[in-house]
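Read through the structure below, which is laid out as structure tokens, and then see the notes.
Below, chains carry the letters A, B, ... as their sequence lines are ordered, and counting in each starts from 1.
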2 protein chains.
Amino acid sequence: MEPLTGRKAEIVAAARDLLEAGGPEALTMRAIADRLGIQAPSLYKHFPDKDALEAALVAAGFVEQAETFAAVTRSRNPLPALARAYRAWATAHPHLYVLMTSRRLDRDSLPEGVEAAAAAPLLKACGGDPNRARAAWAFAHGMASLELANRFPPDADLDAAWRAGVDALQAPPTTPRST
Amino acid sequence: MEPLTGRKAEIVAAARDLLEAGGPEALTMRAIADRLGIQAPSLYKHFPDKDALEAALVAAGFVEQAETFAAVTRSRNPLPALARAYRAWATAHPHLYVLMTSRRLDRDSLPEGVEAAAAAPLLKACGGDPNRARAAWAFAHGMASLELANRFPPDADLDAAWRAGVDALQAPPTTPRST
DNA sequence: GTCTATATTGTGATAGAC
DNA sequence: GTCTATCACAATATAGAC
């Protein structure tokens, strides 16, 4: 999987605009074609089917996330900075974020290593402990997706909830209490 | 919103069976009707539209969750027990769980107080701190939904990740380090 | 409360000419 | 690589008889 170029990249860009502007329902082959000034069947000369097009969309999202998260790793206190970056990315691209996280991941359609690259900053921020990193990822994803789905009560202080989770997760491991 | 009875309850039960067996795509008005031995248009005598039927499904899920989680509160160490119960519920009803968590919540369609009832055990386990409780909920939801979407690497030790998160979240609050 | 018949709309996708 | 024409299908929902 190499970076897209030419017409293929234009199609993915159009699809992304539509998705982010109108959600998954707006992402139809006809709408994508319209936006490019061509007819829907022409898209099938570039992508075998809609799934492949969506996979390219997801892959682009991962590449972007990997770059974004890598940029905030340099902080001395990386976990809070990463949490902010994660939340900001999800909030800025809510529909793409959902597309990326809610379906089974087709790893074959991803550029080599980009999944690991997107995860690496967090793993480093967790001192290399993969379990803690996965817990932190789950926390961040849970906060982001519940926020996007408007599932917190209207009066909830989400900044405070993020802080509570980040503080707990970055504290040094204590004696395990769970059995 | 009172408990459903009669035909309405039968319809919801049929819908739930279909959803859990075949996912959201299997949940069509025709399939629901077929399962009850009637024709699809007859369903509209009981529910104004499909949304209302799904809302009833979601409401039933919350009632069930509230009962399940309340039952494990009595433990001396409630947080790990709640985490296990949460994960078990999501795993046992994956499609209903996704339906309940991925869409905006229509609170008017829920039985009075059931949302708070489902959340109460966790709030108690977090010593009444709503921010910590929300962080814990986000962690659990993140773990559950990433697991359901098969988003963890195949070799990830999910039990260990759950433990890492629960341990971190039940530790006494330390001096905040995030800014 | 159930039926039959049907409207309406939208979708992804293919064939074959240019 | 784009077009026109069209298929094939599935979905929710309504009207009106019984």
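When rounded to the nearest whole Å, the span between CG of D34(A) and P of dT4(D) equals 12 Å. Taking atom CZ of R7(B) as the reference point, atom C1' of dG1(C) lies 9 Å away to the nearest angstrom. Rounded to a whole Å, the NZ atom of K8(A) is 13 Å from the P atom of dT2(D). The distance between atom CZ of F47(A) and atom P of dT14(C), rounded to the nearest whole Å, is 16 Å. Per the geometry, NZ belonging to K45(B) stands 12 Å off P belonging to dA17(D), to the nearest Å. As a whole-Å value, the separation of I38(A) CD1 from dT2(D) C1' is 8 Å. Regarding Q39(A), its CD atom lies at a distance of 15 Å from the C1' atom of dA17(C), rounded to whole Å.
To the nearest 0.5 Å, atoms CZ (R134(A)) and CG (D129(A)) are separated by 9.0 Å.
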Protein N or O to nucleotides 9-13 of chain D N or O, pairs below 3.5 Å:
{"residue": "dA11(D)", "atom": "N7", "partner": "R30(B)", "partner atom": "NH2", "Å": "3.2"}
{"residue": "dT12(D)", "atom": "OP1", "partner": "K50(B)", "partner atom": "NZ", "Å": "3.0"}
{"residue": "dT12(D)", "atom": "OP2", "partner": "M29(B)", "partner atom": "N", "Å": "3.2"}
{"residue": "dT12(D)", "atom": "O4", "partner": "R30(B)", "partner atom": "NH2", "Å": "2.9"}
{"residue": "dA13(D)", "atom": "OP2", "partner": "Y44(B)", "partner atom": "OH", "Å": "3.1"}
{"residue": "dA13(D)", "atom": "OP2", "partner": "K50(B)", "partner atom": "N", "Å": "2.9"}

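Between W137(A) and F152(B), the distance from one ring center to the other falls under 6.0 angstrom.
Between R7(A) and K45(A), the closest side-chain pair of non-hydrogen atoms is not below 4.5 Å. Using a 4.5 Å heavy-atom threshold, the side chains of Y44(B) and M29(B) count as touching.
At least one side-chain nitrogen or oxygen of S42(B) sits closer than 4.0 Å to the OP1 or OP2 atom of dC3(C).
Annotation: ring pair (Phe, Tyr, Trp, His ring centres under 6.0 Å) contacts of F62(A) (sequence neighbours excluded): none. R30(B) is linked by a salt bridge (Lys or Arg N to Asp or Glu O under 4.0 Å) to nothing, counting only residues two or more places apart in sequence or in another chain.
Nucleic acid contact for G6(A): none, since no nucleic acid atom lies under 4.0 Å from a heavy atom of the residue.
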